[in-house]
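Reading through the structure tokens given below for one structure.
Numbering of ligands and ligand atoms starts at 1, following listing order.
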Amino acid sequence: MSDDDELRLCPLPDEVSLLLAELAAPPRLVAHLRLVHDVAVRLVDWSAEHCPGLEFNRAAVLFGAATHDIGKALHRAELSGPGSAHEPAGRELLLAAGVAPELARFAAGHATWGPDSGVEDLLVSLADKVWKNRRVPDLEDLLVAALVRAGGGERWEQFLALDELLTAIGDGAEERLAHQALFPTA
Ligand SMILES: [Fe+2]
């Protein structure tokens with residue numbers, strides 16, 4: 001049984017798998033994108049069930065999660081070290097591959113968020129944090145606010161519901177980190 005089978009990761013969207021193969025993307029990058037995409041699936045499934053009034057494009061979130069770090073195929077040092085050159089480079093790479101700007105934007109914007117961020121953008125950014133159990137209160141607060149606007153209820157109720165989900169996802173972080181570390185950066 002492979003490690004992927006053990007983690008039961010959702011497969012990446014087909015067009016993303018093809019693109020990563022064409023780029024000869026490093027195995028570590030592919031593993032990371034699969035892990036963050038898998039967490040994004042949990043976030044969108046939960047959001048749709050918990051808050052049916054929350055409007056967002058599920059396919060866009062999943063595409064964004066699956067491609068957010070694709071610029072690291074070009075800036076490989078950023079797979080194991082700091083740096084943000086991969087962000088604009090990832091967007092450009094996707095645009096050059098014919099991806100629409102509204103789907104390419106996640107590669108450039110996943111590391112920043114604010115009151116004007118769309119729900120899709122918040123979910124991609126959140127998936128890229130909580131996969132390793134990194135909790136980011138200001139990011140989570142923006143999603144809580146969107147849940148309150150769309151679904152009503154008290155802010156503390158939405159906060160607790162989201163916190164319960166993120167805690168459950170975070171419980172798998174060690175296993176995900178160990179899995180990712182199995183894959184070489186080049
Ligand atoms: Fe990432």
**Fill in**
min-distance N/O/S atom, D69 vs the Fe ion (ligand 1), resolves to OD2
**Request:** Check whether any N, O or S atom of H110 sits under 2.8 Å from the Fe ion (ligand 1).
**Result:** no
**Message:** I need the single residue from H37, H68, H179 that forms a ring-ring contact (aromatic ring centres under 6.0 Å, His included) with H32. Which is it?
**Reply:** H68
**Item:** Ionic contact status for K72 with D69, cut-off 4.0 Å
**Value:** yes
**Item:** Lys/Arg-Asp/Glu bridge criterion (N-O < 4.0 Å) met for D121, R105
**Value:** yes
**Prompt:** Which atom, counting only N, O or S, brings D128 closest to the Fe ion (ligand 1)?
**Reply:** OD1
**Asked** Under the side chain to side chain contact (heavy atoms under 4.5 Å, CB included) criterion, do L122 and L126 qualify, and how do the steps go?
**Response** CA-CA 6 Å; L122 296 175; L126 192 55; 6.0 Å; no
